[in-house]
Amino acid sequence: MRRNDEAAIAEAAALIAEGLPVAVPTETVYGLAADATSGEAVARIYAAKGRPDFNPLIVHVADLAEAERIGKFDASARRIAEALWPGPLTMVLPRQPDCPIASLATAGLDTVAIRVPAHPAMQALLRATGKPLAAPSANASGTISPTRAEHVTKSLGGRIAMIIDDGPTTIGLESTIIAVDAGRVRLLRPGPVPISLLAELAGCAVEAASAGPIEAPGQLASHYAPSRPLRLNATGRREGEWLIGFGDIAGDASLSESGNLTQAAARLFDLLHQADAAPAQSIAIAPVPETGLGEAINDRLRRAAAPR
Ligand code: TXA
Ligand code: MG
């Protein structure tokens with residue numbers, strides 16, 4: 001684990017040039033980043049995460065100009081990018097004909113998921129490597145996403161060459177994912193960006209993703225899972241439970257005592273990690289309203305609670 005500074009970024013860039021993955025914070029969650037143009041480097045990401053399948057990965061780039069070398073932007077995709085990048089939004093777009101991204105990173109699809117992250121550490125790493133960086137969340141496949149460097153150490157420590165520590169992430173939930181093609185916008189994963197804002201920028205409705213085989217991200221029914229059973233919509237604690245509260249329901253710790261959804265999103269994965277490490281048999285969590293960011297929070301909670 002290394003504190004984020006110039007020397008750490010230079011060292012991380014050298015590791016990435018050797019084809020090794022490095023953990024680095026973004027404003028959403030910590031990512032496990034490797035050179036997206038190298039199939040071998042991308043394969044090392046899957047190996048470190050123990051991913052059961054070659055799910056396609058998000059490709060991070062420094063700016064829109066870089067993104068346009070990789071994916072095809074129609075007018076609405078460009079409008080959305082100009083308004084929301086850098087930030088917690090990923091766009092799935094058709095690949096450019098000469099797209100340099102390794103096919104393993106896109107799981108052989110003819111589309112590519114692209115994001116311009118805002119976090120200074122990830123931005124510095126992108127500039128230092130001069131490469132597009134494939135980066136899934138830096139945790140073992142199917143487990144709770146990391147919002148602190150310590151979460152990465154617990155999940156992947158010993159399996160990766162370096163972790164850059166820059167404290168807790170500010171947003172705490174993975175990026176919103178939309179697919180944009182031929183003037184249509186479809187929501188693949190709810191996240192920090194309000195759907196109403198996307199619709200306004202696109203000038204059309206945002207459609208729900210069809211339940212096709214690959215479309216959907218983190219779309220395994222069981223995902224983001226703690227090692228213990230998780231009970232949703234708990235209005236009180238049952239015996240042996242560690243209760244995560246929200247609003248009026250206090251619990252052992254609270255997502256947000258004031259019922260603030262932004263604060264709840266930032267604390268969600270951290271409290272799931274805490275609950276998982278506590279001396280209790282199972283975890284319960286208070287109801288979180290399905291409005292605004294609550295939609296993305298409940299999406300993660302349903303997957304975390306799903307039968308495995
Ligand atoms: O906030 C985030 O998005 C974080 C940070 C590190 O950027 N990354 C992240 O990556 O959450 P990951 O790998 O955990 O989730 C990426 C999701 C996958 O579930 C995958 O199914 C979807 O993006 N995805 C990637 N490429 C796709 C494509 N071409 N078509 C459809 N879905 C795609
Ligand atoms: Mg993930």
Side-chain angles (χ1 to χ4, degrees), residues 21-34 36 42 45-46 48-61 70-72 84-95 99 101-119 121-123 125-126 132-147 151-152 155-156 164 169-181 186-193 209-225 265-266 268-269 296 299-300 303-304:
V22 166
V24 56
T26 80
E27 68 275 34
T28 57
V29 299
Y30 276 68
L32 185 60
V42 173
I45 295 178
Y46 292 115
K49 281 183 64 87
R51 264 209 158 145
D53 46 21
F54 289 157
N55 234 343
L57 303 178
I58 296 172
V59 175
H60 300 71
V61 293
I70 294 171
K72 284 190 201 158
L84 298 177
W85 279 349
L89 176 77
T90 297
M91 279 199 270
V92 172
L93 302 171
R95 283 174 74 113
C99 172
I101 303 303
S103 62
L104 184 57
T106 56
L109 298 169
D110 51 11
T111 53
V112 55
I114 311 177
R115 175 158 105 84
V116 176
H119 196 288
M122 183 56 144
Q123 271 288 340
L125 190 58
L126 286 163
L133 298 177
S137 50
N139 55 306
S141 182
T143 64
I144 309 166
S145 295
T147 57
H151 298 159
V152 182
S155 191
L156 299 179
I164 296 176
T169 62
T170 51
I171 296 177
L173 272 188
E174 300 86 348
S175 60
T176 299
I177 307 183
I178 54 173
V180 187
D181 191 14
R186 285 168 307 134
L187 181 68
L188 301 186
R189 178 172 74 185
V193 179
S210 56
I214 183 71
E215 277 300 48
Q219 292 325 30
L220 299 170
S222 165
H223 204 76
Y224 313 103
L268 176 66
F269 291 133
D299 170 72
R300 308 305 189 275
R303 291 176 208 288

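Atoms within each ligand, like the ligands themselves, are counted from 1 in listed order. Computed from heavy atoms alone, side chains included, the values below leave out hydrogens, waters and symmetry copies.
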| said: If you compare all heavy atoms of F269 against all heavy atoms of T147, which two are closest, and at what distance to 0.1 Å? | reply: CB-CG2, 3.8 Å
| query | Can T106 be said to touch ligand 1, with heavy atoms closer than 4.0 Å? | reply | no
| said: Within the structure provided, determine whether I114 and W85 are in side-chain contact (heavy-atom separation under 4.5 Å). | reply: yes
| said: Quick check on contacts: which atoms of ligand 1 are under 4.0 angstrom from a heavy atom of I177? | reply: 17 (C), 23 (O)
| note | ligand 1 to A113, heavy atom cutoff 4.0 Å, flagged ligand atoms 25 (C), 26 (N), 27 (C)
| request: Work out which heavy atom in A113 is nearest to a heavy atom in V92; give both atom names and the distance. | output: CB-CG2, 3.9 Å
| message | Test your reading of the structure: does E174 have an N or O sitting under 3.5 Å from an N or O of ligand 1? | response | no
| Test item: side-chain donor near acceptor, E174 and S145, under 3.5 Å | yes
| Does some non-hydrogen atom of R189 fall short of 4.0 Å from ligand 1? | yes
| said: At less than 2.8 Å, would any N/O/S atom of S137, backbone or side chain, sit next to the Mg ion (ligand 2)? | reply: yes
| query | Where is the tightest heavy-atom contact between M122 and A33, given as atom of each residue plus distance? | reply | CE-CB, 4.3 Å
| request: For G50 and S141, work out which heavy atoms get closest and say how close. | output: O-CB, 3.6 Å
| task | Apply the side chain to side chain contact (heavy atoms under 4.5 Å, CB included) test between P190 and each candidate in L173, I178, I177, D299; give the one that qualifies. | result | D299
| field | Atoms of ligand 1 close to G31 [distance to a heavy atom under 4.0 angstrom, numbered from 1] | value | 6 (C)
| task | Apply side chain to side chain contact (heavy atoms under 4.5 Å, CB included) to T28 and R115, showing your working. | result | CA-CA 12 Å; T28 57; R115 175 158 105 84; 3.3 Å; yes
| said: Using a 4.0 Å cutoff against the non-hydrogen atoms of L109, which atoms of ligand 1 qualify? | reply: 28 (C), 29 (N), 30 (N)
| Numbered atoms and elements of ligand 1 in range of R115, under 4.0 angstrom, heavy atoms | 1 (O), 5 (C), 7 (O)
| request: Could you list which atoms of ligand 1 come closer than 4.0 Å to a heavy atom of P56? | output: 18 (C), 20 (C), 24 (N), 25 (C), 26 (N), 27 (C), 33 (C)
| note | At under 4.0 Å between heavy atoms, what of A135 touches ligand 1? The answer is backbone
| Do you know which two heavy atoms are closest between A23 and A138, and how far apart they sit? | CB-CB, 4.3 Å
| ligand 1 and T111, any nitrogen or oxygen pair closer than 3.5 angstrom? | yes
| query | Does any N/O atom on T26 come nearer than 3.5 Å to any N/O atom on ligand 1? | reply | no
